[in-house]
Every structure is written in structure tokens, then in C-alpha cells.
*Asks:* 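Please see the structure below; I have some questions.
Convention: sequence-line order gives letters A, B, ...; per-chain numbering from 1.
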Protein chains: 2
Amino acid sequence: MHLTVSEENYIKAIFHLQEADGTVSTNQLAANIHTKPASVTDMLKKLTSKRLLLYKPYQGVRLSSEGRKLALEIVRKHRLWESFLVDKLQFGWDEVHEVAEELEHISSKKLVDKLDQFLGNPRFDPHGDPIPDSNGVMVSLRQVNLLDLKPLTRAEVCSVGSQSPELLELLKHKQILIGTRLEVQCKFEFDHSLEIQLEARGNITISQQLAQALFVKTI
Amino acid sequence: MHLTVSEENYIKAIFHLQEADGTVSTNQLAANIHTKPASVTDMLKKLTSKRLLLYKPYQGVRLSSEGRKLALEIVRKHRLWESFLVDKLQFGWDEVHEVAEELEHISSKKLVDKLDQFLGNPRFDPHGDPIPDSNGVMVSLRQVNLLDLKPLTRAEVCSVGSQSPELLELLKHKQILIGTRLEVQCKFEFDHSLEIQLEARGNITISQQLAQALFVKTI
DNA sequence: AAAAATATTTAGATTTGTCTAAAAATATTT
DNA sequence: AAATATTTTTAGACAAATCTAAATATTTTT
Ligand SMILES: [Mn+2]
Ligand SMILES: [Mn+2]
Ligand SMILES: [Mn+2]
Ligand SMILES: [Mn+2]
């Protein structure tokens with residue numbers, strides 16, 4: 001199954017977006033891929049006809065198992081190339097994404113596996129993300145409760161434990177959303193509260209109840 | 001100046017074809033790039049409007065100095081990636097061309113220069129072809145065709161005239177590589193075949209076609 | 001120098017991936 | 001439950017890169 005660069009970029013974007021929600025909307029995808037919703041709809045129809053997506057018009061989309069398999073191959077290549085750039089070519093970890101965005105589309109399977117071997121079969125890329133193996137198996141950084149993080153761990157919020165308006169009001173007030181990055185500073189035994197650092201917004205205190213309602217992945 | 005993969009492939013093909021003739025015909029280019037002459041004409045018009053070619057309808061085409069500069073960047077990338085594949089990833093020299101055909105279009109200048117450094121600034125690729133430096137300067141090998149050597153001349157193989165798998169298969173079988181030393185024993189008028197002596201492997205016969213595909217320097 | 005053969009360009013169509021504007025479906029607010 | 005707002009799809013257009021078939025230019029042969 002040969003895919004164009006554009007098709008591969010859509011497959012990969014859907015893979016990442018559906019991690020969070022399970023299903024992905026047209027607008028989400030358009031924003032992510034920097035195109036217009038109309039273009040997304042066209043591509044969804046094409047990839048659906050290739051049996052890579054499960055798509056119900058107006059109801060969002062997710063990857064078929066075939067689509068997921070392809071997505072994992074692309075993610076594998078992306079993360080292996082990032083590892084190569086940092087470990088072998090001395091790129092900074094913040095300079096590699098753009099280049100890997102191109103390299104991930106090189107098609108040779110043999111190249112990928114030789115590269116993997118050359119790098120010593122790394123399990124994680126320079127950003128700490130897991131690298132799928134040559135069978136497409138990727139360890140899941142299963143998300144963990146914020147309460148369980150040890151001090152000085154960096155993490156990214158990826159879901160909330162309830163939809164209650166009260167919780168959402170508090171999160172809004174504290175400017176915490178899905179995707180917000182933080183570092184646990186310290187934990188207090190007395191009330192199980194945490195002090196966390198929000199990127200560029202300084203330290204704030206989180207109650208036990210609030211921490212319990214937040215799920216994060218470490219980064 | 002951003003070029004598409006297709007445009008880059010045309011620029012590189014013209015570069016290689018004009019080595020021989022000075023100017024390149026539409027049909028030559030169509031055969032080389034596996035397209036139809038009509039498609040070539042369209043592309044020639046486009047690249048001419050970008051000032052990369054000197055093109056007179058019906059009279060053939062050659063690269064402008066700007067076009068030549070771009071061609072050398074692509075050739076540099078192609079040959080550096082081939083070197084990487086052979087020296088670092090243990091590819092056979094007959095397996096790298098196709099993959100390099102894709103890798104040569106990765107655009108990051110920084111990547112190319114870091115790769116060059118990582119490989120120890122190699123001067124020649126695995127097929128013995130010279131690698132342009134980061135300023136686009138490429139040494140021209142004054143090398144001679146094996147067919148033109150007189151009997152009892154000693155020489156060293158330094159490049160091959162084509163990358164075809166058929167040629168590379170034959171060379172592998174006869175155990176002839178870049179760097180192999182030989183002495184021409186005698187030449188036969190009937191079929192233009194040569195008998196050559198390979199160091200430590202005795203005399204073998206080389207067909208006219210094979211001799212024509214081998215370039216050597218005398219030693 | 002004509003005629004024939006070959007090479008090249010033009011005309012018009014097709015596929016891919018994108019866009020804008022308008023229509024239709026869904027979600028939210030009153 | 002209507003009205004309003006938002007999201008998504010459809011319709012129609014466009015640029016890039018290719019193709020086939022036809023027209024034109026050049027080269028070779030007679
Ligand atoms: Mn990409
Ligand atoms: Mn990464
Ligand atoms: Mn290429
Ligand atoms: Mn080469």
C-alpha cells in the first residue's frame with residue numbers, strides 16, 4: 001500500500017489526535033494539519049475508500065486497524081530519525097522535529113530497520129516518546145494520576161477524571177487545559193496538596209481533590 | 001528557491017546528461033527520467049521561467065549557473081547519503097541508489113553538513129564518484145575508460161559508468177570493486193574483449209560492454 | 001530539393017491536493 | 001421548541017505534474 005506524503009501526514013495526525021478523544025473532528029484535523037476543513041473532508045473520503053479510516057460523515061473519524069498499523073510505522077520512522085539527529089549528528093532536541101517531519105516519509109523498510117540497529121534499538125526518542133518496534137508494537141505510556149507523581153517530574157495533562165461544571169470552573173480559573181505542561185515541585189503530607197510549576201506561569205498550589213481529578217503523561 | 005521533488009529530479013538528470021554532450025535533448029531526458037517527451041517540454045518551460053535552464057525550443061537545453069549550483073547540492077546529498085548507507089548502515093553498494101534517490105530531496109542544509117562531518121568529510125561515494133563540498137565544488141576525476149588502456153598498463157578501478165543492478169551483480173561475481181588493481185594483459189580485435197590480471201586472483205576475461213562501464217586511473 | 005523519418009511542441013484531458021463560497025447538518029442558547 | 005451559532009460537507013475552481021493524440025519543426029534519405 002503506497003501512500004503519498006500528504007496521506008501519511010493525515011494518518012499520523014489522526015493517530016496522535018485520537019489518543020486523547022478516541023475520535024477526531026474535521027476542524028481539529030484541519031487546525032492540526034494547517035489546511036481548511038473542506039480539504040480534510042476530501043482526504044477523509046479518500047483514505048476511507050482505501051480502508052484506512054472509520055469515518056461517519058458529521059460524526060468524526062478514527063483509524064482502522066490497517067490505518068493504525070501504518071501510523072505506527074510513520075511514528076517509528078519519525079522518532080528513530082529524531083534519535084539519529086540528536087545522538088549521532090549532535091542536533092539539539094528542539095531542532096529535530098521539522099527535519100524528521102520530512103525524513104519520516106522515506107519508504108525503505110530496510111533503511112528503518114538498519115537505522116534502528118545502528119542506534120542500538122532505542123526505546124524512546126529525544127522527547128521521551130516511545131519508539132514502536134519493527135512489528136509496530138509501542139509501549140503505552142499509560143497516563144498516571146497527578147497525585148502519584150514524584151516531585152520534580154515533568155508531565156502533560158491529558159485528561160480529566162470528571163466532567164462536572166465545578167471541576168471545569170476551577171480548571172478554567174487556574175488556566176489548566178488538556179495539553180498543559182507542568183512540573184511537580186513538592187508535595188505536603190499534611191493535606192496531600194501539591195505545589196506545581198506551570199510553564200511560564202510560575203508556581204501554584206493544587207489540592208488533593210483537584211490532583212486526583214487530573215491525569216497526566218510524563219514527558 | 002524551493003523546488004519540488006520532480007523539479008529536482010529534472011535538474012539532476014540534466015546535470016548528468018550534459019556531462020557527456022554539453023546540451024541535452026528532450027527525448028534523452030524523457031528516456032532518462034521515465035516520462036514522455038511532452039511532459040519534459042512542459043517542465044523545461046517551467047524551469048526556464050525560474051531561470052534554472054538555458055533552453056531554446058527544438059535546440060536542447062543546459063543548466064544555467066544557478067541550475068548547476070542546485071544540481072551540485074542535490075548530487076552532494078545523493079552521494080553523502082549513499083556513503084552513509086554503505087559506511088554506517090552496512091548496505092551493499094548495489095542497494096543504495098534507490099534509497100538515496102529519495103533521501104537526496106530532504107531539504108535541511110544543516111542536516112547535510114552535519115552528515116558530511118559525521119562521515120568524516122568523504123571525498124568519494126561508494127561508487128567512486130566525487131562528492132561536491134559544501135560550497136558546491138567537485139573535483140573532476142581525470143579517469144580513463146578501461147577499454148582505452150594499452151596492454152601491460154597497470155590501473156586501479158575508480159568508478160563505474162552506471163548504477164544498474166545488472167552491472168553491479170556482475171562486478172560482485174567477478175569480485176571487482178572500487179580500488180581493485182589490475183593489469184591489462186591483451187586485447188582481442190574480434191570482440192574487443194580484454195584479458196586482465198587481477199592482483200592475487202589471476203587472469204580473467206572482460207567483455208567489451210563491461211570494460212566500457214569501468215573507469216580507472218593508471219598507477 | 002523533395003520526400004520520408006524523427007524529434008519536439010502544442011492542445012486538451014486526468015489525477016492529486018488544495019482553496020473559497022454556499023448549503024446542509026448538528027449543537028447551543030434563548 | 002425555536003432561533004442562533006457552529007461544524008461539516010458539497011460544489012466548483014485552480015495549480016502541479018503527468019498523459020495521449022495531433023501539429024509542427026528538424027534531420028536524414030533518396
Ligand atoms: Mn511529515
Ligand atoms: Mn519526538
Ligand atoms: Mn530523486
Ligand atoms: Mn553513487
*Asks:* Of the options C:dT8, C:dC19, D:dC19, whose atoms approach the side-chain atoms of A:Lys36 most closely?
*Replies:* C:dC19

*Asks:* Please check the phosphate of D:dT18 (OP1 and OP2 only) for any side-chain N or O of B:Tyr10 closer than 4.0 Å.
*Replies:* yes

*Asks:* Between A:Glu7 and B:Lys56, which has a closest nucleotide on DNA chain C that is more 5'?
*Replies:* B:Lys56

*Asks:* State whether the number of non-hydrogen atoms from other residues, nucleotides or ligands found under 6.0 Å of B:Lys69 atom NZ is greater than 12.
*Replies:* no

*Asks:* What is the distance from NZ of A:Lys50 to C1' of C:dT15, rounded to the nearest Å?
*Replies:* 12 Å

*Asks:* Report the residue from B:Arg123, B:Arg79, B:Lys110, B:Arg76 that forms a salt bridge (charged side-chain N to carboxylate O under 4.0 Å, His left out) with B:Asp116.
*Replies:* B:Arg76

*Asks:* Taking only N and O in the side chain of A:Tyr55, is any of them less than 4.0 Å away from OP1 or OP2 of D:dT8?
*Replies:* no

*Asks:* When the distance from CG of B:Asp42 to P of C:dT8 is rounded to whole Å, what number comes out?
*Replies:* 15 Å

*Asks:* Give each stem of DNA chain C as a range with a range, requiring at least 3 consecutive Watson-Crick or G-U wobble pairs whose two distances are under 3.5 Å.
*Replies:* C:1-30 with D:1-30

*Asks:* Compare side-chain N and O positions of A:Lys45 against OP1 and OP2 of D:dT10 and report whether any pair is under 4.0 Å apart.
*Replies:* yes

*Asks:* Have a look at B:Thr35 and say if it touches a base, only the backbone sugar-phosphate, or nothing, with a 4.0 Å heavy-atom cut-off.
*Replies:* sugar-phosphate

*Asks:* Output yes when at least one side-chain N/O atom of A:Gln59 is less than 4.0 Å from OP1 or OP2 of C:dT26, else no.
*Replies:* yes

*Asks:* Quick check: do B:Phe84 and B:Val96 have side-chain heavy atoms less than 4.5 Å from each other?
*Replies:* no

*Asks:* With a 3.5 Å distance limit and no angle check, can you tell me whether B:Lys50 reaches the backbone of B:Gly67 through a side-chain donor-acceptor pair?
*Replies:* no

*Asks:* Can you check whether A:Ser39 has a side-chain N or O nearer than 4.0 Å to OP1 or OP2 of C:dT18?
*Replies:* no

*Asks:* Describe, in one word, how the ring planes of B:Trp81 and A:Trp81 are oriented to each other, choosing from parallel (under 30°), tilted (30 to 60°) and perpendicular (over 60°).
*Replies:* perpendicular

*Asks:* Nearest-Å distance, CD (B:Glu8) to P (D:dA16)?
*Replies:* 16 Å

*Asks:* Should B:Val144 and B:Val216 count as side-chain neighbours, where that means a heavy-atom distance under 4.5 Å?
*Replies:* yes

*Asks:* Can you name the nearest heavy-atom pair linking B:Lys77 to B:Ile106, along with the distance?
*Replies:* NZ-O, 2.9 Å

*Asks:* Could you walk me through whether B:Leu89 and A:Gln117 pass the side-chain contact (heavy atoms from CB on, under 4.5 Å) test, one step at a time?
*Replies:* CA-CA 8 Å; B:Leu89 299 195; A:Gln117 196 187 334; over 6 Å; no

*Asks:* If only side-chain N and O atoms of B:Asn27 are considered, is one of them under 4.0 Å from the OP1 or OP2 phosphate oxygen of C:dT8?
*Replies:* yes

*Asks:* Counting any heavy atom closer than 4.0 Å, what does A:Pro37 reach on the DNA or RNA strands: base, sugar-phosphate only, or nothing?
*Replies:* base

*Asks:* Mapping A:Met43 and A:Pro57 to their closest nucleotides on DNA chain C, which lands nearer the 5' end?
*Replies:* A:Met43

*Asks:* Measuring from the side chain of A:Tyr58 (C-beta onward, heavy atoms only), which nucleotide among D:dT20, D:dT18, C:dA24 has the closest atom?
*Replies:* C:dA24

*Asks:* Just checking B:Ser6: base, sugar-phosphate only, or nothing, at a heavy-atom cut-off of under 4.0 Å?
*Replies:* sugar-phosphate

*Asks:* Rounded off to whole Å, could you give me the CG-to-C1' distance for the A:Leu29 and D:dT7 pair?
*Replies:* 14 Å

*Asks:* Select base, sugar-phosphate, or nothing to describe what A:Thr26 touches, counting heavy atoms under 4.0 Å on all strands.
*Replies:* sugar-phosphate

